[in-house]
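Since we're looking at a predicted model, the values are computed, not measured. Below, each value reflects all heavy atoms present in this structure, side chains not excepted, and no hydrogens, waters or symmetry copies.
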Amino acid sequence: YIADLIHEMKTDLRKKLSEVIVNEGKELTIILSLGGRPSSVFLGNEDWKGKMTKLERIVSYLDSKDKIPSVINLTNGKKVVVKFGDKI
């Protein structure tokens, strides 16, 4: 199922994919490399396909604004939390 999910990703997002992690609780975490910096994406344990669609839209929008988030939390399907790290 994970391989199908990655195969269905848009090419632009797939190129940014660095790691895919599934823990014992079957929660999916993806690490993306955006602008040479890691971004953690938490997808939780359900509706990964729907959340991937949201993720593609979020990453595309943030790329257009030259914003690089440190965390994108999509575990709750009804809300999206995007956190940006401090630049030092």
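For residues 16-53, the pairs satisfying ring-ring contact (aromatic ring centres under 6.0 Å, His included) are Tyr1-Trp48, with sequence neighbours left out. Applying the salt bridge (charged side-chain N to carboxylate O under 4.0 Å, His left out) test to pairs two or more places apart or on separate chains, none has a residue in residues 70-84. Applying the ring-ring contact (aromatic ring centres under 6.0 Å, His included) test to every pair with at least one member in residues 14-41, sequence neighbours left out, gives no pairs at all. The salt bridge (charged side-chain N to carboxylate O under 4.0 Å, His left out) contacts involving residues 41-53 comprise Glu8-Lys49, where partners must be two or more places apart or lie in separate chains.
In this structure, Thr29 has no side chain to side chain donor-acceptor pair (under 3.5 Å) partners at least two apart in sequence or on a different chain. In this view, Glu27 and Asn23 satisfy the side chain to side chain donor-acceptor pair (under 3.5 Å) rule, not counting sequence neighbours. Residues that satisfy the salt bridge (charged side-chain N to carboxylate O under 4.0 Å, His left out) test with Lys67, not counting sequence neighbours, are absent from this structure. Asp63 meets the salt bridge (charged side-chain N to carboxylate O under 4.0 Å, His left out) test with Lys16; sequence neighbours excluded. Taking Asp12 as the reference, nothing meets the side chain to side chain donor-acceptor pair (under 3.5 Å) condition, with sequence neighbours excluded.
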For residues 54-61, which side-chain donor-acceptor pairs fall under 3.5 Å, sequence neighbours excluded?
unit_1 : atom_1 : unit_2 : atom_2 : d
Lys54  : NZ     : Gly77  : O      : 2.5
Glu56  : OE2    : Lys10  : N      : 3.0

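Ser18 approaches Ser33 most closely through the heavy-atom pair CB-N, 4.4 Å. Taking every heavy atom of both residues into account, Gly85 and Ser70 meet most closely at N-OG, 3.4 Å. Between Ile68 and Ser39 the shortest heavy-atom distance is CG2-OG, 4.1 Å. Taking every heavy atom of both residues into account, Phe84 and Pro69 meet most closely at CD2-CA, 3.6 Å.
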- prompt: Could you walk me through whether Leu43 and Met52 pass the side chain to side chain contact (heavy atoms under 4.5 Å, CB included) check?
  reply: CA-CA 8 Å; Leu43 297 170; Met52 282 301 230; 4.1 Å; yes

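Expressed to the nearest 0.5 Å, how far CD1 of Ile6 lies from CG of Leu13 amounts to 10.0 Å. In this structure, Leu17 CG and Leu32 CG are separated by 6.5 Å, a value rounded to the nearest 0.5 Å. To the nearest 0.5 Å, atoms CD1 (Ile72) and CD1 (Ile30) are separated by 10.0 Å.
Looking at Val20 and Leu5, their side chains never come closer than 4.5 Å, going by heavy atoms from C-beta outward.
Under a 4.5 Å side-chain heavy-atom cut-off, the cluster of Ile, Leu, Val, Met, Phe, Trp and Tyr residues that includes Ile31 is completed by Ile21.
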